[in-house]
Amino acid sequence: MNLFSDIRDLVIASLGEMAGEGTLPKWLDLTAVAVEPPRDAAHGDMATNAAMVLAKPAGLPPRAIAEALAAKLMADPRILGADVAGPGFLNLRLSPALWHGLVRSALMQGVNFGRSKIGAGLKVNVEFVSANPTGPMHVGHTRGAVFGDALARLLAFSGWDVTREYYINDGGAQVDVLARSAYERYREAHGLEPAIVEGLYPGDYLIPVGEALKAKYGDSLLDKGEQYWLSDVREFATAMMMDMIRDDLKLLGVQMDVYSSEKALYGTGEIEAAIQTLRDMDLIYEGTLEPPKGKEPEDWEPRVQTLFRSTAHGDDVDRPVQKSDGAWTYFAPDIAYHYNKVKRGFDQLIDIFGADHGGYVKRMKAAVSALSGGRVPLDIKLIQLVKLYKNGEPFKMSKRAGTFVTLRDVVEQAGADVTRFVMLTRKNDAALDFDFDKVLEQSKDNPVFYVQYANARVNSVLRRARDAGVAVDDATLAAADLTHLGHEAELTMAKKIAEWPRLVEIAARNNEPHRVAFYLYELASDLHGLWNRGNDDASLRFVQEDAGVTQAKIALARAVSVVISAGLGILGVTPVEEMR
RNA sequence: GGCCCCGUAGCUCAACGGAUAGAGCGUCCCCCUCCUAAGGGGAAGGUUGCAGGUUCAAGUCCUGCCGGGGUCGCCA
């Protein structure tokens, strides 16, 4: 139930009638006609831009169209007023019964209120996290994980068929480094001095891997050449790292549907086939790249490489798929991997990358565009840095010094719910400050607390009503006589609730889960405001003498709670019933 | 130098191409015999970095600058 689209349907139908009657030309394109909440409540409940959008193509003055449309709309019982304003806006006042009906449907639909079918069952693949299997997840990965998971939930809520996928980068040189690092820990487990030289991973998290290797292989790998153990140790250590990463994700409440391995692409011919497909399109050639302008590397030498003609699909320069020694670059298996996703029948692909992969966006889009014949859109969301603070001071991290902050550190200190919510209070492409003290603060400048508090207040009212012997289950509330909700402050609250289904659509269409977090903050603010007005005006308190009136007021409060629960559900945050 | 992201109130940030650009913090004033004051109401605070352009309408789209960050073959 989306009141805005209902009223838009009415506007479109009325415009159709006007065309039928000759007031408007018949061939007008109505796609730009919108029905929106006005910024200023004094402008009414909804506004449409129809007259302004149609004035030019129809060759009529906007106010004339607006007035004719207003007359039409007034015939509908839902419309109490239609006033032409400003440059040609048509401001609509709606019957209170509409808002009452909306509260009722929120109560009846529960946390499904706002669910829609705008995704039309399209198969979308959301690839996120994809952290290298060489160590535990750190804060940067955490934000990507939270974002991807919330986006997946948002799209599923909005009618997409969502697959969450993790691409394991287990095919490059970094897993060899992992193996060598683990091997040193294996030697350490045998009481030998580990030679953790520059370039190896120094982290303590590999000590258990060394011990596990000892348990499995005994001393059989000691004093053997790398060619003897590298492959086995690599596989063993990678598997343990992935277990660790899965545990980290679980801490955050993130679950993947599919784990795809880069390494598994090698030797299957998939990479060769993908490249051959591009070659058949004349998009692969042998050539030499120009050195980057302005900042030429010291050791630049022109080399002939196998290149992908990504410029044919919007990139700035062509990109190598093979290194000068003939081995695949990282890009080649990634092309094959995305081709694989296309072939699995996804209608849309979404990749969530760290901001440092920004330079990779155009070439990946070019590859998918070429391989899908332009059929499958790829949206790449770049996740900006998280800056950590403690007591207002920047928290320095250094991977080299081993002082990086892990996902586990963050979740153990702040909790999964707080971590998730805070990380979604910013657009993905803006940097985020995460202050360990502020996120746990119980005050209104902490959005998590503020939203949870609103929900707790509703539950407090429900308890109170129950204690007074008033039935407040959702079915009873939905059946209550909501005409008791006549105060302007109460209708404002209901109108805010009415925006929820629309907000979800906008957020889903733009792949912007942060909108949900901001909306919830506004919704909570409205509830706190209404609550406090009960201090001055006893008739606005939720619990009243008359049971019927109480039920109507609580129906409104409960509808807020329902939306908060639904919204937090999309963010992956558990609503609390009571503040501690 | 090329490409990408960011630039909005003193600070941190919102705003699906719509009307007089909104919140929180900070500053100032007010509200608890009353459902959790862990809250609320109000005041002050703006040339949306600059200059053009498109549009009935631009913080939003396009072009060029300025400032900050990221990135730029043989890492992933």
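Order of the sequence lines fixes the chain letters, A, B, ..., with proteins taken first and strands second; residue numbering starts at 1 for each chain.
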How is [X] classified with respect to the nucleic acid when contacts are heavy atoms under 4.0 Å: base, sugar-phosphate, or nothing?
X      : result
A:E262 : sugar-phosphate
A:D356 : sugar-phosphate
A:D325 : nothing
A:R457 : sugar-phosphate
A:D316 : sugar-phosphate
A:E578 : base
A:S324 : base
A:P320 : sugar-phosphate
A:R502 : base
A:Y521 : sugar-phosphate
A:V361 : nothing
A:A47  : base
A:A55  : nothing
A:Q305 : base

Over how many whole Å does the gap from [X] atom [atom1] to [N] atom [atom2] extend?
X      : N     : atom1 : atom2 : answer
A:N532 : B:G39 : CG    : C1'   : 5 Å
A:F308 : B:G73 : CZ    : C1'   : 16 Å
A:R515 : B:C13 : CZ    : C1'   : 14 Å
A:L385 : B:C6  : CG    : P     : 14 Å
A:I380 : B:C5  : CD1   : C1'   : 14 Å
A:R319 : B:C75 : CZ    : C1'   : 15 Å
A:K427 : B:C6  : NZ    : P     : 7 Å
A:N91  : B:U20 : CG    : C1'   : 14 Å

Does the separation of the ring centres of A:H528 and A:Y450 fall below 6.0 angstrom? yes
Residue whose closest nucleotide on RNA chain B lies nearer the 5' end, A:T425 versus A:D445: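 Its nucleotide being nearer the 5' end, the pick is A:T425.
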Could you check which of [options] has an atom nearest any side-chain atom of [X]?
X      : options             : result
A:K362 : B:C4, B:A19, B:C5   : B:C4
A:H43  : B:A15, B:U12, B:A19 : B:A19
A:Y453 : B:A37, B:C5, B:C13  : B:A37
A:V53  : B:G24, B:C56, B:A37 : B:C56
A:D429 : B:C16, B:U20, B:C5  : B:C5
A:Y330 : B:A76, B:G24, B:A38 : B:A76
A:L382 : B:U12, B:C4, B:A76  : B:C4
A:A430 : B:A14, B:A19, B:G39 : B:A14

Please give the nucleotide sitting opposite [N] as a Watson-Crick or G-U wobble pair, both distances under 3.5 Å, or none.
N     : answer
B:U71 : B:G2
B:A43 : B:U27
B:U60 : none

Determine: side-chain N/O of [X] to OP1/OP2 of [N], distance under 4.0 Å, yes or no.
X      : N     : value
A:K444 : B:G39 : no
A:R464 : B:U36 : yes
A:W328 : B:C74 : no
A:H514 : B:A15 : yes
A:R509 : B:C16 : no
A:S460 : B:C35 : no
A:R541 : B:C35 : no
A:Y360 : B:C5  : no

Evaluate salt bridge (charged side-chain N to carboxylate O under 4.0 Å, His left out) for A:R234 paired with A:D176, printing each intermediate quantity in order. CA-CA 6 Å; A:R234 186 173 56 209; A:D176 289 341; 2.6 Å; yes
Looking only at heavy atoms, what is the nearest atom pair of [X] and [Y], with distance?
X      : Y      : value
A:A465 : A:I554 : CB-CD1, 3.4 Å
A:D170 : A:K263 : OD1-N, 2.6 Å
A:A336 : A:L265 : CB-CD1, 4.5 Å

Residue pairs fulfilling salt bridge (Lys or Arg N to Asp or Glu O under 4.0 Å) with at least one residue in residues 533-556 of chain A, sequence neighbours excluded: A:E488-A:R533, A:E490-A:K553
Torsion-based syn/anti label for B:C32, 90° from 0 as limit: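 Judged by the O4'-C1' to base torsion, B:C32 sits in syn, the angle falling within 90° of 0.
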Begin with the C-alpha distance, continue with both residues' side-chain angles, and end with the deciding distance and a verdict on ring-ring contact (aromatic ring centres under 6.0 Å, His included) for A:F434 and A:F436. CA-CA 6 Å; A:F434 190 97; A:F436 280 106; 5.6 Å; yes
Are side-chain N/O atoms of A:Y519 and A:R515 paired as donor and acceptor at under 3.5 Å?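 Judged by distance alone, the side chains do not pair up.
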Does either side chain, that of A:D351 or that of A:Y167, offer a donor lying less than 3.5 Å from an acceptor on the other one?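 Looking only at side-chain atoms, A:Y167 and A:D351 do not form any donor-acceptor pair under 3.5 Å.
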Look at the side chain of A:E36 against the base of B:C16 and say whether a donor-acceptor pair falls under 3.5 Å; ignore hydrogens and angles. yes
